[in-house]
Amino acid sequence: MRRYADLLDLLRTLEGRPYPAYKDLKGSWVGEGFVLRFVHVQGDPFATPSVLEVRYPKEALGPYRVYGNEAGRVAAEDFLLRSLKARLKALPHVGGSGASGRVSVAVESPKVLKRAGAHLGEGLSLRFRVGLPAAGRRILGREAERLFRALGEALRGFLAELDRKALLAHVHQAEDHRAIQEALRARGLVAFVGEGSVLPRESGVSQAPLKGAIPFESPPSLRVAFRTPHRGEVFGMGLPEGLTLITGGGFHGKTTLLEALVHGVFPHVPGDGREWVVTRRGAQRVQSEDGRSVVGVDLRPFVHDLPLGQDTRFFATEDASGSTSLAAGILEALEMGAEVLFLDEDTSATNLLVRDARMQALVRRETLTPLLDRVGDLKALGVSLVLVVGGVGDYLELADTVVLMEGYRPREATLEAREVARAHPTGRVFGEPRYPLRVVPRAPLPESFDPRRGRKERVKGRGLRELLFGEEVVDLSALDLFEEAQVRALGALFKRLQALSDGKTPLKALAERALSGVEDLFALEEAPELAEVRPLELAAAVNRLRSLEVRQVSGEGC
């Protein structure tokens, strides 16, 4: 292998040469205590920047192997990648055309996620991108030398100058989160919100905690404690299984609490404010999505007996209504084994949430069974509901737990809600649904995952909300994704699904199988910007493919 000093000499000699001469950099360069490898060298200054990998030997990692389980290892990798990103921000500015001088490390959120850009094994490898400098398509060799001289200094002192105390806090937080998450089911809880948590964010587009926000205080009646491996006993609010209503006046924190619970599926970095919000791994938010496609879902538990005799046992549309899309979303989540469903009245079609007494009296030939009439069925399946409501009081008499938000402070109002329900009867009749609540598994056909579909092959993430798949734009706006790297991971997993799908394997098993080999996927050298997703997110993305083709595996359902 060549010396790092030789790399600097080579860069200087490339001054003014055509851009393809950068290909001579391919391979490894040995620096002081590290090896830098050019994994992929861009062919054009306007192309996606080059992929570089820095490796550190196992002998240098002794002080940093502070984790005790897989959650801790992922957290250590996450911390090291974040630390590298912070360190490389100090590199000198380099001008030029296109992406010249741009240095990027794929960490975007306060979530602790498994990432393709970091791997702790025998040694440590971290991957990132660097735009190789050029003016037009002529190499700026002296600028490149200046950039890589500073990069070498940053990499040389990287491990020695790490904050080991901060690393320990990072790892311990993730391991404590995992301990609580694994204990929730045994305690009959769906989520936990620690005392003192800061739930509000700076804005709707920021994941930073709001300065001056009111710290979370648990209602005494819902206060629980968990014994954690590192922090010891942690106190906070435990949300029980069953139907939980989060209610209160406008702008009092209902949706803020729900958002925090949705985000609590993954660990957070220390200091985020939500690091002690822990939600079951199998929780998913569902909402109405006007205009989404639905393929092969047996909607009869919610949508049935349509005019003109249209059958809904294998329902398909490219333009679902709010109620139809919400029904499909619920059934798709159940198909994937979701154990907690989060809904917000503001983003849910009202006619699928409830039919009040007056509408029951007026409309006799109803084609929708509202969610209100399915609460008992969901409980029988072991599925809990957490629902934000501000105007639908019919749920009060069924609620197992009611959390009333007042000025961002929660209090339990379950007994009060039951008294209100008794004192103000709605007159609504709880009918016996015509069709049982069951989920029929579906098997995607292999051709669904062909990005060409007879045209140009293209798989590319576009922000947090869209995935370009061939000529199709997959709308991911209803999924809870936190980083563009997760969108890119979905695209990579779609390619894997094409190889795995046989038209017989149910979507749930297919998604789990695709993710079981995520270590191999993340090891692909030219894809450092991939981050962890769950089978729930992968299946939800698949269900939004307009080119999706499925067959029902069984008519019996579950």
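In this text the structure is predicted, and so the values were computed from the model without any measurement.
- Residues satisfying the salt bridge (Lys or Arg N to Asp or Glu O under 4.0 Å) criterion with Glu519, sequence neighbours excluded, are Arg73, Lys114.
- Using a cut-off of 4.0 Å between Lys/Arg side-chain N and Asp/Glu carboxylate O, Arg285 and Asp480 are scored as salt-bridged.
- Between the side chains of Ser448 and Glu549, no donor N or O sits under 3.5 Å from an acceptor N or O.
- For the side-chain contact (heavy atoms from CB on, under 4.5 Å) criterion with Leu372, the lone passing option out of Leu243, Val392, Leu398, Asp356 is Leu398.
- With no hydrogens or angles considered, a side-chain donor-acceptor pair links His304 and Thr369 at under 3.5 Å.
- The two residues Gly72 and Glu175 come nearest to each other via the heavy atoms CA-OE2, 3.4 Å.
- We find that Glu339 and Arg185 are joined by a salt bridge, their nearest charged nitrogen and carboxylate oxygen being less than 4.0 Å apart.
- Under the salt bridge (Lys or Arg N to Asp or Glu O under 4.0 Å) criterion, Glu182 pairs with no residue, sequence neighbours left out.
- Using modelled atom types, one side-chain atom of Gln552 and one backbone atom of Arg313 make a donor-acceptor pair closer than 3.5 Å.
- In the model, Asp400 has no side-chain atom that pairs as donor or acceptor with a side-chain atom of Thr244 under 3.5 Å.
- In this structure, Arg300 forms no cation-pi arrangement with Phe302, as its terminal cationic atom is not both closer than 6.0 Å to the ring centre and no more than 45° off the ring axis.
- Residues passing the ring-ring contact (aromatic ring centres under 6.0 Å, His included) test with His263 are Phe482, sequence neighbours excluded.
- Taking the charged nitrogens against the carboxylate oxygens, Glu335 and Arg442 do have a contact shorter than 4.0 Å, which makes a salt bridge.
- Contact check for Val550 versus Leu548: side-chain heavy atoms found under the 4.5 Å cut-off.
- Rounded to the nearest 0.5 Å, atoms OG (Ser477) and CD (Glu466) are 8.5 Å apart.
- Scored by the ring-ring contact (aromatic ring centres under 6.0 Å, His included) test, Tyr408 finds no partners at all (sequence neighbours excluded).
- Salt-bridge check for Arg411 with Glu416: passed, with a basic side-chain N closer than 4.0 Å to an acidic carboxylate O.
- Checking Lys111, His268, Glu108 one by one against Gln207, the side chain to side chain donor-acceptor pair (under 3.5 Å) holds for a single residue, Lys111.
- With sequence neighbours left out, Arg187 forms a salt bridge (Lys or Arg N to Asp or Glu O under 4.0 Å) with no residue at all.
- Residues Asp344 and Thr347 have side chains that never bring a donor and an acceptor to within less than 3.5 angstrom of each other.
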request  = Show your reasoning for whether side chain to side chain donor-acceptor pair (under 3.5 Å) applies to Glu412 and Ser221.
outcome  = CA-CA 7 Å; Glu412 189 189 359; Ser221 56; 2.3 Å; yes

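- Checked for salt-bridge contact, Arg418 and Glu397 miss the test: no charged N lies under 4.0 Å from a carboxylate O.
- A salt bridge does not link Glu318 to Arg292: none of the charged nitrogens lies less than 4.0 Å from a carboxylate oxygen.
- Of the residues listed (Val354, Leu341, Leu378), the one engaging Leu371 in a side-chain contact (heavy atoms from CB on, under 4.5 Å) is Leu378, and it is the only one.
- Remark: Phe226 engages Phe192 in a ring-ring contact (aromatic ring centres under 6.0 Å, His included) (not counting sequence neighbours).
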